[in-house]
Each structure stands twice: as structure tokens, then as C-alpha cells.
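Take a look at the structure set out below.
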Amino acid sequence: MNIAPSNDPAAPQDAPGVPVATVAGTGDNAARAAAPGAVADSRTADVSTTLNAWFLANARDLPWRREGFGAWGILVSEFMLQQTPVKRVIPRLQEWLARWPTPADLAAVPPSEAVRAWSSLGYPRRALWLHAAAVQITEQHGGVVPSDIDALLALTGIGDYTARAVAAFAYGHRHPVVDTNTRRVIARAVAGAGEPAPPSRGRDLEAMGALLPGSALEAALFNAAIMELGAVVCTSRSPHCDICPIRDDCAWRAADYPEFTGTRKTVQKKFAGSDRQVRGLIMAELRSTHRAVTEAEIASLWPEAAQLQRALHSLVADGLAVDSPDGYTLPDGMS
DNA sequence: CACGCGTGGCC
DNA sequence: TGGCCAAGCGT
């Protein structure tokens with residue numbers, strides 16, 4: 001996301017293909033000019049105005065918010081951030097972009113290299129999907145990350161959130177972007193519920209759309225601002241209501257923090273002893289070498305043979321492991 | 001729509 | 001200690 005909290009008064013507007021990087025300086029001015037005193041008296045300001053001003057003053061300095069980070073960098077960051085914490089993503093992202101500065105660079109290497117570089121980010125299917133998306137971008141879009149939501153949705157591994165995030169943060173387009181943080185903030189501040197109901201594309205987009213400022217500039221900023229609030233202030237377990245910029249506008253606080261009563265999102269299954277753990281063990285073994293891993297070596301990874309075979313076969317089905325004459329390898333893209 | 005999918009940090 | 005959680009996606 002190219003909205004930096006730094007100043008850049010001379011920045012150009014969001015012409016097509018130009019990152020919103022520039023929103024920082026101009027957005028700051030616009031926000032303050034539009035609603036003087038917004039920070040001092042949040043009760044009289046729109047939530048978007050208040051949050052945008054707060055964001056400009058308090059946003060974390062993250063790599064993808066730097067000016068000129070580029071649509072490819074933003075796309076890669078969004079893939080990595082799918083269910084993986086910011087702190088763990090940052091070093092991998094820097095390495096990744098240094099090695100593959102364009103989609104064509106990634107498309108030119110076998111998927112095995114992407115899976116290896118993904119390292120321990122988790123959910124290695126995402127590495128495969130990112131590689132596939134790079135091939136599609138190279139072959140179908142002239143190596144340029146698309147800016148159109150439908151074109152982005154057609155890429156492997158890109159769903160509704162990522163498509164909208166790229167369109168809004170890399171290209172400055174005015175779309176509601178809804179992630180888990182956004183959903184939680186809206187559930188609390190607007191609906192007065194302790195946590196959001198399970199995701200519903202239609203409802204979520206409508207709720208965010210109702211809050212979205214009219215200008216593309218302010219909208220892109222607000223999409224990022226509400227996510228940031230959910231990530232650092234209005235957190236899932238122990239929200240920091242004492243420092244929240246919209247505490248006086250918050251329906252949840254006004255109702256004295258009622259407990260959540262609706263349908264909770266499905267609880268994550270226990271990891272220890274799960275197929276996911278076994279898959280992880282196998283993948284770590286495959287990543288650790290450039291030669292084929294034998295059946296015997298795989299067998300040594302887990303005591304229960306049936307579960308091991310189930311995990312191994314599922315990895316083959318996913319394209320993360322390939323059955324070769326000498327054993328199993330990462331996908332080399334030759335088959 | 002509910003589920004399966006890695007990994008590790010945090011309280 | 002161990003359950004909960006983290007900028008989702010595909011099926």
C-alpha cells in the first residue's frame with residue numbers, strides 16, 4: 001500500500017498507473033482542510049475524516065507504504081500477508097523483491113524456487129499461486145500487474161480482498177477494501193457488536209461502501225486507515241480503547257461493550273498432530289535439499305504411516321510435491 | 001458455506 | 001501451558 005505518512009507536497013495526483021504514494025502529503029492537507037479540528041473533536045467529524053487524520057499521524061512505516069513501492073511489490077506483499085503476520089512477512093518480502101523485481105523475473109524460474117524462497121511463511125500453496133499469477137501477468141498482461149478488479153480476480157490466488165487491495169493501494173482506485181480488521185472495526189464501531197459475523201461479501205462491501213469517502217484519494221487512505229486501526233488499536237483480543245481515535249463514535253463502547261452473541265467464525269483446528277503439521281514437516285524436508293527425498297526419508301518424519309501417506313498425497317494433489325523415480329521433489333514446472 | 005490449509009508469537 | 005490469532009483463498 002503506497003500511502004506513506006510522510007510529506008510530499010509536490011506529489012502528482014493519482015493518474016492511471018501511478019501509485020497513491022503521493023496521497024500522503026496531499027491527503028494530509030486535504031483531510032485537515034476538509035475538517036479543521038477533526039482530531040480535537042472527533043464527535044463532530046465523520047469517522048473517515050477522523051481515521052484518516054489519525055492514520056496520517058500514526059501509521060506504521062511499512063515497506064509497502066513507501067512511495068514508489070510499485071504494484072508488483074504490493075501484490076507480493078498482499079500474497080504474503082494472507083494469514084501471515086506483518087513482522088514475519090517483511091524480511092521475506094525484501095528478499096523476494098531483490099531476487100525477482102518484476103513478475104517476469106519470477107515467471108522465468110521454476111515454481112520450486114518460489115516455494116523454497118517462501119521458506120517458513122506458511123501455507124506454501126500461496127507461493128505456488130503467486131508464481132502462477134506471475135506467469136499469467138507476464139503472458140497475458142505484458143508483465144504489468146493489472147489494475148482492474150476483474151482482471152486481478154482472474155489471477156491464481158487472488159480473491160476479493162487482494163484484488164481490491166491492489167486496485168486501491170497500488171493504483172488509487174476508489175473501491176471498498178474489506179479485510180478481517182475492517183470487518184472487526186465496523187462490527188464494533190458501527191454495529192455495536194463485540195466481533196463480526198462470519199464474512200459475507202455482499203454485506204461487508206455494502207457496509208464499507210457506506211463509509212467510503214467520495215474522492216479516490218480519501219477513499220484509498222480510509223481503506224488503509226480502518227485496516228490499520230483494527231491491526232494496532234481495535235485488536236481482536238484486547239482492544240486499546242483508551243487510545244482509540246473514534247472512541248467517542250464507537251457504538252460498541254456506547255453500549256458498554258456487550259458480549260458477542262451471534263455465530264462465531266469457525267475455530268481453527270488444533271495444529272499438533274494434524275495433517276497440516278505433517279504436510280509442514282514434509283515440505284520442510286523437500287525445501288531443505290535439491291535432490292529427491294526418498295520414501296524412507298519421508299517415512300522417518302512421522303510415526304503414523306497412514307496419516308503420512310494422506311499428507312503426502314495431498315501435497316502431490318496440490319502440486320507442491322512431485323513423485324519422481326528417485327523419490328519426491330518440489331515442482332520443477334516440467335510436468 | 002464450511003472447511004482445510006503452515007507457522008510461530010503472544011498472553 | 002496451550003489455545004488463540006494473523007492484510008485469505010479455493011473448493
Side-chain angles (χ1 to χ4, degrees), chain A residues 1-3 55 59-60 62-65 73-93 115 118-130 132-133 152-170 176-185 195-204 208 223-232 234-240 263-287 307 310-311 313-315 317-321:
Chain A
M1 202 265 311
N2 262 349
I3 300 170
F55 180 69
R60 291 169 294 174
L62 301 174
W64 45 92
R65 290 176 178 167
I74 290 176
L75 179 65
V76 174
S77 77
E78 294 297 349
F79 264 88
M80 291 184 170
L81 287 164
Q82 291 168 4
Q83 296 289 280
T84 298
V86 166
K87 205 170 301 179
R88 210 180 314 161
V89 162
I90 290 175
R92 289 288 95 74
L93 177 65
V115 173
W118 198 255
S119 185
S120 59
L121 281 177
Y123 291 149
R125 295 188 297 184
R126 291 180 295 154
L128 225 44
W129 292 340
L130 177 53
L152 286 161
L153 281 173
L155 301 177
T156 307
I158 292 193
D160 208 59
Y161 163 75
T162 304
R164 289 166 173 280
V166 170
F169 300 146
V177 179
V178 180
D179 79 332
T180 186
N181 293 305
T182 302
R183 294 178 52 255
R184 185 172 54 251
V185 172
E195 53 184 276
S200 162
R201 184 197 129 90
R203 277 204 312 275
D204 295 342
M208 184 58 179
N223 277 317
I226 195 168
M227 285 172 61
E228 182 80 350
L229 188 78
V232 305
C234 193
T235 54
S236 181
R237 251 179 303 183
S238 50
H240 308 288
T263 306
R264 287 174 181 276
K265 67 177 175 186
T266 49
V267 184
Q268 202 171 68
K269 271 176 65 179
K270 185 176 357 186
F271 179 71
S274 67
D275 285 7
R276 281 194 303 172
Q277 182 184 14
V278 183
R279 284 169 54 108
L281 290 171
I282 297 171
M283 287 306 299
E285 187 70 18
L286 294 180
R287 284 196 306 264
Q307 187 179 21
R310 187 167 67 240
H313 292 330
S314 75
L315 288 172
D318 286 345
L320 284 165

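The model shown is predicted, which means the values in this text are computed figures rather than measured ones. Protein chains get the first letters and strands the later ones, always in sequence-line order, with residue 1 at the start of each.
In DNA chain B, consecutive stretches of 3 or more Watson-Crick or G-U wobble pairs with both distances under 3.5 Å are given as paired ranges: B:2-5 with C:8-11, B:7-11 with C:2-6.
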What does the list of N/O pairs under 3.5 Å between the protein and nucleotides 1-3 of chain B look like, with a distance for each?
none

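Listed for the Q277(A) side chain is a donor-acceptor partner under 3.5 Å among the backbone atoms of G273(A).
Here R287(A) does not reach the OP1 or OP2 of dG6(B): none of its side-chain N or O atoms lies under 4.0 Å away. Note on K265(A): a side-chain N or O is less than 4.0 Å away from OP1 or OP2 of dA6(C). Taking only side-chain nitrogens and oxygens, Q83(A) comes nearer than 4.0 Å to OP1 or OP2 of dG8(C).
Look at CD on Q82(A): it is 14 Å from C1' on dG6(B), rounded to the nearest Å. Counting to the nearest Å, the C1' atom of dG4(B) and the NZ atom of K270(A) are 17 Å from each other. Here the C1' atom of nucleotide dC9(C) and the OH atom of Y161(A) are 13 Å apart, to the nearest Å.
Partners of Q82(A) by side chain to side chain donor-acceptor pair (under 3.5 Å), not counting sequence neighbours, listed by chain and number: T162(A). Residues meeting the side-chain contact (heavy atoms from CB on, under 4.5 Å) test with S236(A), sequence neighbours left out: R184(A). Residues passing the side chain to side chain donor-acceptor pair (under 3.5 Å) test with R287(A), sequence neighbours excluded: none. Every residue was checked against the side chain to side chain donor-acceptor pair (under 3.5 Å) condition with S274(A), not counting sequence neighbours, and none meets it.
T84(A) comes within contact range of at least one nucleobase, with a heavy-atom separation under 4.0 Å.
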